[in-house]
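To start, the structure itself, in structure tokens.
Since the structure is predicted, the reported quantities are computational estimates derived from the model, not experimental observations. Chain A is the first sequence line, chain B the second, and so forth, proteins listed ahead of strands; every chain is numbered from 1.
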Amino acid sequence: MNPVQHPVVRIQQLGDYVDQTVTLRGWLYHKTGKGKLNFLQIRDGSGICQAVVLRGNVSDETFEQVKALTQESSLAVTGVVKAESRAPGVPGGFELDVRAVTVYQIADPYPITPKEHGVEFLMQNRHLWLRSSRQWAALRVRAVIVRAIRDWLDSHGFLNVDTPILTPAAAEGTTTLFSIDYHGEPAYLAQTGQLYNEANIFAFGKVYCFGPTFRAEKSKTRRHLQEFWMVEPEIAFCDLEGLMEIEEQFVSYIVQRCLADCGPELAILERDTTHLQRVSPPFPRIHYDEAVAMINRAAAAGELVPGYPDPVPAIEWGDDFGSPHETYLAAQFDKPVFVHHYPTQVKAFYMEPEADRPEVCRSVDLLAPEGYGEIIGGSERMSDPEKLIAAIARHQLPQSVYEWYIDLRRYGSVVHSGFGLGVERTVAWICGLDHVRETIAFPRTLTNLRP
RNA sequence: UCCUCGGUAGCUCAAUCGGCAGAGCAUCCGGCUGUUAACCGGACGGUUGUUGGUUCGAGUCCAACCCGGGGAGCCA
């Protein structure tokens, strides 16, 4: 029996071929032998299918070949698709009653077994780990999230205008940047496209940039990468309140799209989706003042940070929140929560101070539930050129470097706002992963540059 | 940078008071017609992160260093 005589199908489509003879091409994910009966779990990138090889249904030569297959051997199997409730797989419920097998390669002993492994080992073998079902599922959800991001923005009047990755200076003074040699001149890998986005809205009205950003922070936590992807929408004629409305529509769409399109993937990840199903506008909004009061009430009562053995630390008005504060705040709500009007002094120079209360600014962070932390940071931008020049001076930044940015306020300034959404944290939240390293194919963490 | 936990077979781990370094998985051989991380029998597998020290004797105790995990700060 020649495999090429039958349609070559992907496992995802198997349900359309019940009782037909087809060929699958892929890799052996797992094998259990029962004497004259062998069960092969075959991956092809689109799903996992159980193939049943019974001695007598295939040639003796083929049967011996199957017994010799190792994990991750590449092969093609031809047989009849059967609806079979006992069959595991993605999608489950179908199996292939095998009649012929073509082995492309017998794989060397595969280092990643179905048993447990440590993080260090898995990261050293990331190029192979990607094949494991949980990693496969998370990266497929990531792809859907990216698609949802673009679909929502593209269909709501935003133009994708990407911004440079090689930049001459820091957008926000404090963060550590990766520096490179730009033909003898120091340059840096971008940590945000925001300033360029602000130029772009004066040409296009509503824009977004979407790409990798770089932070050379010595951060070694489940929420941090050195290289991560961020989508940054920026909107002309939009104030803080308008911004929050856009953010909650946008995030809700992303979540609902994943629930609709990623059922099998979320099942593999064993994600409890009850929290996610509640994600719809409006999201709760709390003022920084109120957040400080909530934290200090919890601190006084000796409450613990959810998920940690430590008590909620008290905070003084004017300080930025630490991770334990954000974790505590987010846990008080069952939806993402907006925290707005942070103190001006802890935020970036370009954020618009509140007119009748300049010690707070028109900024807003969105905190994800279940301990996933800040997934969005955004603000209304300063639109008056004189106030912007003063803010640049107050932050001891060189005005000459920002002349082009000040120009944006000299030639038709308007109220405008924007935000940045971190893709990896969003993926971690929606997938219920405990570390962002599993949300991107080749994560760059503090200690992982290779593979 | 700081705090904290760890490093023993390819992988995941065990080793009592300082006294012969041991299991499971993977791999190889044999058995099994419904397996779901199958199961049963056998084989193979070790410079205990590195260097130095204490001791009759160190995986175990001491010191320094290297590597990794989690967290703080900072951030998305």
Side-chain angles (χ1 to χ4, degrees), chain A residues 29-41 48 50-57 63 67-68 70-72 82 84-89 92 95 97 106-125 128 132-133 172-177 191-192 194 212-232 305 307-310 313 319-327 346-348 365-368 372-378 419-429 434-437 439 445-448:
Chain A
Y29 193 51
H30 190 58
K31 181 182 75 173
T32 54
K34 286 279 295 180
K36 295 185 175 61
L37 183 62
N38 276 286
F39 298 96
L40 311 180
Q41 309 297 329
I48 300 175
Q50 172 159 283
V52 182
V53 184
L54 179 61
R55 184 172 203 122
N57 281 354
F63 191 78
K67 277 170 63 176
T70 55
Q71 190 182 351
E72 290 302 319
K82 296 278 178 66
E84 168 58 74
S85 60
R86 289 175 294 184
E95 66 182 20
D97 189 5
I106 298 288
D108 286 352
Y110 191 66
I112 301 180
T113 70
K115 295 279 183 176
E116 289 171 33
H117 297 286
V119 169
E120 184 179 10
F121 175 78
L122 289 170
M123 286 302 292
Q124 283 167 357
N125 290 283
L128 304 177
S132 300
S133 61
E172 304 167 20
T174 54
T175 316
T176 319
L177 302 175
Q191 58 168 346
T192 171
Q194 185 211 310
T213 56
F214 307 88
R215 305 275 168 96
E217 295 160 357
K218 302 284 187 203
S219 296
K220 203 171 55 163
T221 82
R222 72 185 74 207
R223 299 180 306 279
H224 289 88
L225 294 171
Q226 304 289 291
E227 174 184 313
F228 66 96
W229 283 64
M230 188 157 67
V231 58
E232 295 179 273
V305 180
Y308 295 85
D310 311 310
D319 287 345
D320 204 356
F321 299 136
S323 296
H325 300 130
E326 285 185 356
T327 303
V346 302
K347 287 292 180 180
D365 286 354
L366 184 67
L367 308 181
Y372 286 95
E374 183 184 345
I375 54 170
I376 288 182
F419 66 93
L421 174 129
V423 170
E424 287 74 16
R425 286 187 184 174
T426 303
V427 176
W429 166 46
D434 62 11
H435 201 297
V436 289
R437 68 175 152 245
T439 66
T445 67
L446 188 59
T447 52
N448 275 290

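- B:U48 and B:U60 have their C1' atoms separated by 10 Å, with the value rounded to a whole Å.
- Every residue meeting the ring pair (Phe, Tyr, Trp, His ring centres under 6.0 Å) condition with A:H117, not counting sequence neighbours, appears here in chain and number order: A:F121.
- The side chain of A:M230 lies closest to B:A76 when the candidates are B:C75, B:A76, B:U35.
- The distance from atom CD of A:Q124 to atom P of B:G7 is 16 Å, rounded to the nearest whole Å.
- With centres under 5.5 Å and a plane angle under 30°, the ring of A:F228 is stacked against the base of B:A76.
- At a cut-off of 3.5 angstrom, counting only N and O atoms as typed in the model, there is no donor on one side facing an acceptor on the other between the side-chain of A:H117 and the base of B:C11.
- The phosphate of B:G70 (OP1 or OP2) has a side-chain N or O of A:R437 nearer than 4.0 angstrom.
- If you take atom C1' in B:A26 and the same atom in B:G6, they sit 24 Å apart, rounded to whole Å.
- Residue-level contact check: A:P111 touches neither bases nor backbone, having no heavy atom under 4.0 Å from any strand.
- Between A:K34 and the phosphate of B:U35, there is no side-chain N or O to OP1/OP2 separation shorter than 4.0 Å.
- Shortest non-hydrogen contact noted between A:Q50 and A:Q41 is OE1-NE2, 2.7 Å.
- Along RNA chain B, the nucleotide nearest to A:V436 and the one nearest to A:L122 differ in position, and the one closer to the 5' end is contacted by A:L122.
- Distances were taken from every side-chain heavy atom of A:F39 (C-beta onward) to each of B:G34, B:G71, B:U33; the shortest belongs to B:G34.
- With both ends at atom C1', the span from B:G46 to B:U54 equals 25 Å, rounded to whole Å.
- Heavy-atom distances to RNA chain B give each of A:K220 and A:E227 a nearest nucleotide, and the one nearer the 5′ end belongs to A:K220.
- B:C29 and B:C20 have their C1' atoms separated by 29 Å, given to the nearest Å.
- Residue-level contact check: A:L54 touches the bases, meaning some heavy atom is under 4.0 Å from a base atom.
- Between A:R222 atom CZ and B:G71 atom P the separation is 4 Å, expressed in whole Å.
- Out of B:U12, B:A26, B:A72, the shortest distance to the side chain of A:T113 is found at B:A26.
- Considering only the side chain of A:E84, B:G34 comes nearest among B:G73, B:G34, B:C75.
- Rounded to a whole angstrom, the distance from the C1' atom of B:G59 to that of B:A14 is 12 Å.
- If you check every strand for non-hydrogen atoms under 4.0 Å, A:K31 touches nothing.
- Here the separation of B:G41 from B:U16, taken at their P atoms, is 27 Å to the nearest Å.
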* To do: Represent RNA chain B in dot-bracket notation, 5' to 3'. Only Watson-Crick or G-U wobble pairs with both distances under 3.5 Å count; pseudoknot-style crossings use [ ] and interstrand partners use |.
  => (((((((..((((.....[..)))).(((((.......))))).....(((((..]....))))))))))))....
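- An anti base is found at B:C66: its glycosidic angle is more than 90° from 0.
- Residue A:N448 has a polar side-chain atom (N or O) positioned under 4.0 Å from OP1 or OP2 of B:G69.
- Nearest heavy atom pair, residue A:A107 against residue A:Q71, reads CB-O, 3.5 Å.
- With B:G69, B:C11, B:C75 as the choices, the nucleotide that has an atom nearest any side-chain atom of A:E326 turns out to be B:C75.
- Residue contacts for A:G373: at a heavy-atom cut-off of 4.0 Å it reaches no nucleic acid atom on any strand shown.
- Contact annotation for A:Q50: base contact, defined as any heavy-atom pair under 4.0 Å involving a base atom.
- For the atom pair CG (A:L367) and NE2 (A:H325), the distance works out to 12.5 Å, reported to the nearest 0.5 Å.
- In terms of the ring pair (Phe, Tyr, Trp, His ring centres under 6.0 Å) criterion, residue partners of A:F321 (sequence neighbours excluded) are, by chain and number, A:Y288, A:Y342.
- Here the nucleotide nearest the side chain of A:E120, chosen from B:C67, B:U1, B:G10, is B:C67.
- Residue A:S323 places at least one side-chain N or O under 4.0 Å from the OP1 or OP2 atom of B:G73.
- For the OP1/OP2 pair of B:G70 and a distance below 4.0 Å, the side-chain nitrogens and oxygens of A:H435 include at least one atom meeting the criterion.
- Judged by distance alone, with hydrogens and angles left aside, A:E95 brings a side-chain donor or acceptor within reach of the base of B:G34, the pair sitting under 3.5 Å.
- The P atoms of B:G49 and B:U8 are separated by 6 Å, rounded to the nearest whole Å.
- Of the candidate nucleotides B:G68, B:U33, B:C25, B:G68 has the atom lying nearest to any side-chain atom of A:T447.
- Taking every side-chain heavy atom of A:K115 into account, B:C25 is the closest of B:C25, B:A76, B:A72.
- Between A:F63 and A:V53 there is a side-chain heavy-atom pair separated by less than 4.5 Å.
- Looking at heavy-atom distances under 4.0 Å, A:D310 makes no contact with the nucleic acid at all.
- In this model, the phosphate group of B:A72 is approached by a side-chain N or O of A:R223 to a distance below 4.0 Å at OP1 or OP2.
- Taking atom C1' in both B:U47 and B:A21, one finds a spacing of 13 Å when rounded to whole Å.
- Residue-level contact check: A:I376 touches the backbone only, with heavy atoms under 4.0 Å from sugar-phosphate atoms and none from bases.
- Between B:U12, B:C74, B:G34, one nucleotide has an atom nearer to the side chain of A:S219 than all others, and that is B:C74.
- Between the CG atom in A:N57 and the CZ atom in A:R55 there is a gap of 12.0 Å [rounded to 0.5 Å].
- With distances taken from any side-chain atom of A:E217 to the nucleotides B:A37, B:C28, B:C74, the minimum falls on B:C74.
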